[in-house]
Amino acid sequence: MPPAIRSAIAADTLTQRAGRWPLRAPKPRSAATPVRHRLHTLRHPWLLAAALVPLALVALPIVYAVLRAMQAGWTGVRTELLRAYTFELLANTLILATGVMLLSAFIGLSVAWCIERTDLPFRRFWRVAAGLPYVIPAFVSSYAWSSISVYFQSMAGAILILSLAVYPLVYLPVAAALRSTDPGFEDVSRALGYGPWRTFARALMPQLLPALGGGALLVLTHMFAEFGGLAMLRVQTFTTAIFEAYELQFDSASAALQAIVLMLLCIPAAWGEMHLRIGRRFARVGGGSARAATPVRLGRRTWPVLGAFGVLGVLSLGVPLTTLAYWLFTGHSAGRGYDQIWPAIEGTVTLAGSGAVLTSLIAIPLVLLAVRERGRLAQLAERLPYIVHGLPGVVIALALVFLSIRGVPGLYQTAALLLVAYAVLFLPLAQSSLRASAELLPPQLENIARSLGKRPLGAFISVILPNIAPGIGAALALMTLEIGRELTATLMLAPTGTTTLATQVWSYTADGEYAAAAPFAALLIAISIIPVWVFTRRSLRHGR
């Protein structure tokens, strides 16, 4: 690329990213400013056309839940919503989701700060080890803890166990943010006479808030949709109640109403995640500070901090792995189901790989539309999947069954329908992975390619795709991991005879055969190691 064009692109990109820390960039007030959120002012209509397919799929569960709920009539709706049981489910859901979110945020922030900003011994080891608990699926951790004692089958036990399983969702983005923050802000704060705590609160936390808030709200929506772990820990929420209602009545209007309440709970979370991610900008000239932040000396606190890290490792990794090792060789059901191991591995790898590719592909136009078009239409296209992300897999599965039976009967009981369910369930996670790479791509590159005669598809293949390849790789790793451990949609939509490691764990533990479930749980953890390793390394490297 000629130097003049490169310089022009760099200057324009810096201009677009300019802002005032930590205030938000002011909105233009000129009446002559074009209204970009109207349909006819879209600069990339081909992106809208490509995004309509995933948007239609994502909207299907919403339409289905509303239609099924309307069949109950206004009297039925009022009766269902005002039941004491509904308020109990609402309270349990909010207590669990909020408790796990807050505890995960505390653990993730504390671990990230100790690793990235102190002279903690063995920092390189802890940097990777802190993300490893995500290798163990939440329902496997719950299975391990619940098999030890029934005392863990409670709300307090569920909050602790699930927090230990999902805190890496907060730790990874916060650790990456800590490695990329500019220590100059902290230097200015100390020069103004502020102490360590005020410097942390006023200079560092505003820079970490998008990463911390985004990770915490992702945990929140995860807990809204969590089923396997809660079913094993005997904690009732909207998700477990919806699954039970559909099991008993299959197409229950009551369960549809509960799903709508769950969607309404997801709206503030989706809005908050987007607000934190796009509402704050931290301007820099160039690549930021050339030096790393000066590590805080722990001194006499070194051993207590190392002890806390050891306890965290024992609780999040040691107990589940030790329990699995025990059940592998103990119990009356030990040795059962070995003939199902290879079919389960084959089903897991095939479905996870195919679902990851499909989900990542349909997420690309949504991400590019949100990055290139900042209007209301683009915001709606990006936020809608996040609302559906809090729905349990059973709602998505039944919406697709409804569609296939009435519209395309040939799709029913096929792997294609299950892959579509995966795409709807995990589309927001793919969007999050892809967005970081898409935002670093200057739009001028595509304009230059178009000016040289490239059509939109040609410009996408030759310019956009190579530049967002790192984000695609991260999305594939994360999707493979999440789809490999998905439970409810797989139980309902998998073709007859198709099994996965997750469904086999569920099948045996539901019958109390913990020893028979142990080999499948252990293999699920082993298969998860590579995607977690890739995702962890990529997330931490992104912060450099």
Rounded to the nearest 0.5 Å, what's the gap from [atom1] on [X] to [atom2] on [Y]? Could you check?
X: Thr93; Y: Gln236; atom1: OG1; atom2: CD; value: 9.5 Å
X: Leu400; Y: Ile405; atom1: CG; atom2: CD1; value: 11.0 Å
X: Ile345; Y: Thr500; atom1: CD1; atom2: OG1; value: 11.5 Å
X: Leu233; Y: Phe139; atom1: CG; atom2: CZ; value: 12.5 Å
X: Met232; Y: Thr240; atom1: CE; atom2: OG1; value: 13.0 Å
X: Ser146; Y: Tyr514; atom1: OG; atom2: OH; value: 4.5 Å

Of all the heavy-atom pairs spanning [X] and [Y], show the shortest one and how long it is.
X: Ala165; Y: Tyr134; answer: O-CD1, 3.7 Å
X: Thr239; Y: Phe224; answer: OG1-O, 2.5 Å
X: Ala521; Y: Val140; answer: CB-CG1, 4.0 Å
X: Ala352; Y: Thr480; answer: CB-O, 3.7 Å
X: Ala65; Y: Met263; answer: CB-CE, 4.0 Å
X: Pro54; Y: Leu427; answer: CB-CD2, 4.2 Å

Between [Y] and [X], is there a side-chain heavy-atom distance shorter than 4.5 Å?
X: Leu418; Y: Thr498; answer: no
X: Pro133; Y: Val166; answer: no
X: Thr348; Y: Gln504; answer: no
X: Trp327; Y: Thr323; answer: yes
X: Leu493; Y: Val420; answer: no
X: Leu212; Y: Val170; answer: yes
X: Leu94; Y: Leu265; answer: yes

Has Tyr85 got more than 12 heavy atoms of other residues, nucleotides or ligands less than 6.0 Å from its OH?
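Yes, OH of Tyr85 has more than 12 neighbouring heavy atoms, counting only those of other groups under 6.0 Å.
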In terms of heavy-atom contacts, does CD1 of Ile530 have more than 12 from other residues, nucleotides or ligands at under 6.0 Å?
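At most 12 heavy atoms, drawn from other residues, nucleotides or ligands, come within 6.0 Å of this atom.
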Reference residue Leu164; test side-chain contact (heavy atoms from CB on, under 4.5 Å); the match among Leu312, Leu103, Leu317:
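The option that passes is Leu312.
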Give the C-alpha distance, both sets of side-chain angles, the deciding distance and a yes or no for side chain to side chain contact (heavy atoms under 4.5 Å, CB included) between Leu89 and Thr237.
CA-CA 5 Å; Leu89 291 177; Thr237 64; 5.7 Å; no
List the steps, then state whether side chain to side chain donor-acceptor pair (under 3.5 Å) holds for Tyr422 with Thr490.
CA-CA 9 Å; Tyr422 290 153; Thr490 308; 2.7 Å; yes
Hey, can you tell me if Phe243 and Trp506 have their rings parallel, tilted or perpendicular (30° and 60° cut-offs)?
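Rings of Phe243 and Trp506: perpendicular, as their planes differ by over 60°.
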Aromatic plane relationship, Phe520 with Tyr508 - under 30° parallel, 30 to 60° tilted, over 60° perpendicular
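Answer is parallel, since the angle falls under 30°.
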Main chain of [Y], side chain of [X]: is a donor-acceptor contact present, judged purely on distance under 3.5 Å?
X: Ser354; Y: Leu351; answer: no
X: Ser163; Y: Ile159; answer: yes
X: Thr350; Y: Gly347; answer: no
X: Thr98; Y: Ile95; answer: no

Walk me through it: do His222 and Leu429 pass the test side chain to side chain contact (heavy atoms under 4.5 Å, CB included)?
CA-CA 11 Å; His222 261 60; Leu429 301 183; 4.2 Å; yes
Are Ser147 and Tyr326 close enough, and set up right, to give a side chain to side chain contact (heavy atoms under 4.5 Å, CB included), and what steps lead you there?
CA-CA 11 Å; Ser147 67; Tyr326 169 81; over 6 Å; no
Decide yes or no on side chain to side chain contact (heavy atoms under 4.5 Å, CB included) for Tyr143 and Leu324, but give the supporting numbers first.
CA-CA 9 Å; Tyr143 142 71; Leu324 281 180; 3.2 Å; yes
Does NZ or CZ of Arg485 come closer than 6.0 Å to the centre of the six-membered ring of Phe426, within 45° of the ring's axis?
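No; the conditions do not both hold, so Arg485 does not lie above the ring face of Phe426.
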Check the pair Glu486, Thr488 against side chain to side chain donor-acceptor pair (under 3.5 Å), reporting the backbone distance first and the verdict last.
CA-CA 7 Å; Glu486 201 282 329; Thr488 50; 3.3 Å; yes
